[in-house]
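Read through the structure below, which is laid out as structure tokens, and then see the notes.
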Amino acid sequence: MNASRPWWESAVIYQIYPRSFQDSNADGIGDLNGITQRLPYLVDLGIDAIWISPVFRSPMMDFGYDISDYTDIDPIFGTLSDFERLTGQAHARGIKVILDFVPNHSSDQHAWFIESRASRSNPKRDWYIWRDPAPGGGPPNNWLSEFGGSAWEFDAATGQYYYHAFLNSQPDLNWRNPDVVEAMREVLRFWLRKGVDGFRVDVIWHLVKDALFRDNPPNPDYHAGRPPNEALVPLYTTDLPEVHDVIATLRRTVDEFPDRLLIGEIYLPVERLVAYYGRDLGGVHLPFNFALLNVRWDARCIQSLIAEYEGALPQGGWPNWVLGNHDRPRIAGRVGPLQAAVAAMLLLTLRGTPTIYYGDELGMPQVEIPRDRVRDPFERNVPGIGVGRDGCRTPMQWDASDNAGFSTADPWLPLADAWWSNNAADLRGDSRSMLNLYRRLLRLRKETPALSVGSYRSYALDEDLLVYYRELDDTRLLVALNLTDRPQALILEDGTQGKIVLSTAAERDGERAPGTVTLAGHEGLIIALSGH
Ligand code: GLC
């Protein structure tokens, strides 16, 4: 590959939710040694980098997104030396390691917060966001927590409220305080020195809040059945202009080390999302593009969102695509198990860096969680409207042995129903399986730079077929995705002929594609074109 390009432009990232990947010590919860054990699987799959959701010390109120020590590993996941061994072995196999950095809030058990709440005059008081009660009593303003209720928690001992955008056990740090910024830069350097290749930064668009603490305005589009925090527009709590200066500082810190990647978790409309590339591209390298997580699954909608995204990118800004993560329903649940194969081809043939969510390569379903097994604090706080995130976090289905080979103990979340037949070992042996589709796509993508870094150009607009070119030098590929369950005819441009290099239906690979090709329902094709 072109040596002048940074590694992540042609890389495929694989997200591991560590609690659910592989347990190595029989406690029903995945861990670092489990990941190390499964590196050969990841090599065989063909991914380039793993992003591991938080493994730092934590009371686990939000399963690791509430950190009580940013520079140590939680015993549930192992030790620092387990982490070093994982990184060493991943690197030896050519796999990069990306950590989850959670700077917006810590745990209320973090030493910084314990000091901060000790007294109003504590030197760390201003490391968090403390306010007096409103004049008549009650919370300082109307800000709401993402996980339900007021975002302000009263601390009786000191008579003030602290702000928490998520759980009350996740107090927000004060990023307007330069000491916080410096402490966090040291956290980044700690891991960078250990050789990590980058960070995914949690809720980066939340970092700075309004200095005047103004009330958020009501959301006129709010309706019952949506999470309660959506009743307000988060005008004064997220996406403030000042956040870009903070991000530029984080980026400069990462740039102190060669070849490191900074990704930002940002849920915003595309025109505001792309601002996170930063002035002169000095922001995050990849502001996560979540557009595919909510799109209506039809060809026109997807084609126009690709066009909108490509059109909004700043000069030199590198695109990226996400189909699932630990907060959103599984793709196979959203579009159905057959269409999930088409979605896989979409993810792995778009221009830019794709992120695969663990288990999607097996077609893992969205699992219905019985009420008594709900673990997600969001679902517990705001029950019954479908916000629960446990269903996309169930244990990886490795093989047909007890607990799907995930653990010898009872797993922390239930397994999906059909794990005894739908698991990595069985799927690996079936040439037509989802796992082998992912493997074939990843291999082709690696061998064919047109698919990762080539240009993107859309073909004719169509209700049912999503069709686009990927081109680089002499390579011209046409990707055709049938988003329906009915056969669809694709008519190639006059004078062009093609050959199917990869079909979601494996047996068509290598078939010639004269002027017209018929795609079966839920079929996707990558066609190499010749002729003008
Ligand atoms: C991010 C994480 C989510 C977590 C939240 C609070 O959105 O992806 O899992 O609950 O931040 O840290």
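Both ligands and their constituent atoms are indexed starting at 1 by order of listing.
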Need the list: ligand 1 N/O atoms against protein N/O atoms, distance under 3.5 Å, rounded to one decimal.
residue: ligand 1; atom: 7 (O); partner: E265; partner atom: OE1; Å: 3.2
residue: ligand 1; atom: 7 (O); partner: E265; partner atom: OE2; Å: 2.9
residue: ligand 1; atom: 8 (O); partner: R200; partner atom: NH2; Å: 3.0
residue: ligand 1; atom: 8 (O); partner: E265; partner atom: OE2; Å: 3.4
residue: ligand 1; atom: 8 (O); partner: H326; partner atom: NE2; Å: 2.8
residue: ligand 1; atom: 8 (O); partner: D327; partner atom: OD2; Å: 2.5
residue: ligand 1; atom: 9 (O); partner: H326; partner atom: NE2; Å: 2.9
residue: ligand 1; atom: 9 (O); partner: D327; partner atom: OD1; Å: 2.7
residue: ligand 1; atom: 9 (O); partner: R389; partner atom: NH1; Å: 3.3
residue: ligand 1; atom: 10 (O); partner: D62; partner atom: OD1; Å: 3.4
residue: ligand 1; atom: 10 (O); partner: D62; partner atom: OD2; Å: 2.6
residue: ligand 1; atom: 10 (O); partner: R389; partner atom: NH1; Å: 2.9
residue: ligand 1; atom: 11 (O); partner: D202; partner atom: OD1; Å: 2.9
residue: ligand 1; atom: 11 (O); partner: D202; partner atom: OD2; Å: 3.1
residue: ligand 1; atom: 12 (O); partner: H105; partner atom: NE2; Å: 2.9
residue: ligand 1; atom: 12 (O); partner: D202; partner atom: OD2; Å: 2.9

Determine whether Y70 and H110 satisfy the following criterion, ring pair (Phe, Tyr, Trp, His ring centres under 6.0 Å), listing intermediate values before the conclusion. CA-CA 9 Å; Y70 284 95; H110 195 294; 5.5 Å; yes
Tested for side-chain hydrogen bond (donor to acceptor under 3.5 Å, both in side chains) against N216, the lone hit among T238, T237, N142 is T237
Could you check whether R120 pairs with D155 (Lys NZ or Arg NE/NH1/NH2 to Asp/Glu carboxylate O, under 4.0 Å)? no
With sequence neighbours left out, write down each residue that passes ring-ring contact (aromatic ring centres under 6.0 Å, His included) with W130, or none if nothing qualifies. F113, Y162
Are the side chain of E361 and the backbone of G359 linked by a donor-acceptor contact shorter than 3.5 Å? yes
Using 0.5 Å steps for rounding, measure from the CG atom of L167 to the CG atom of D108. 9.5 Å
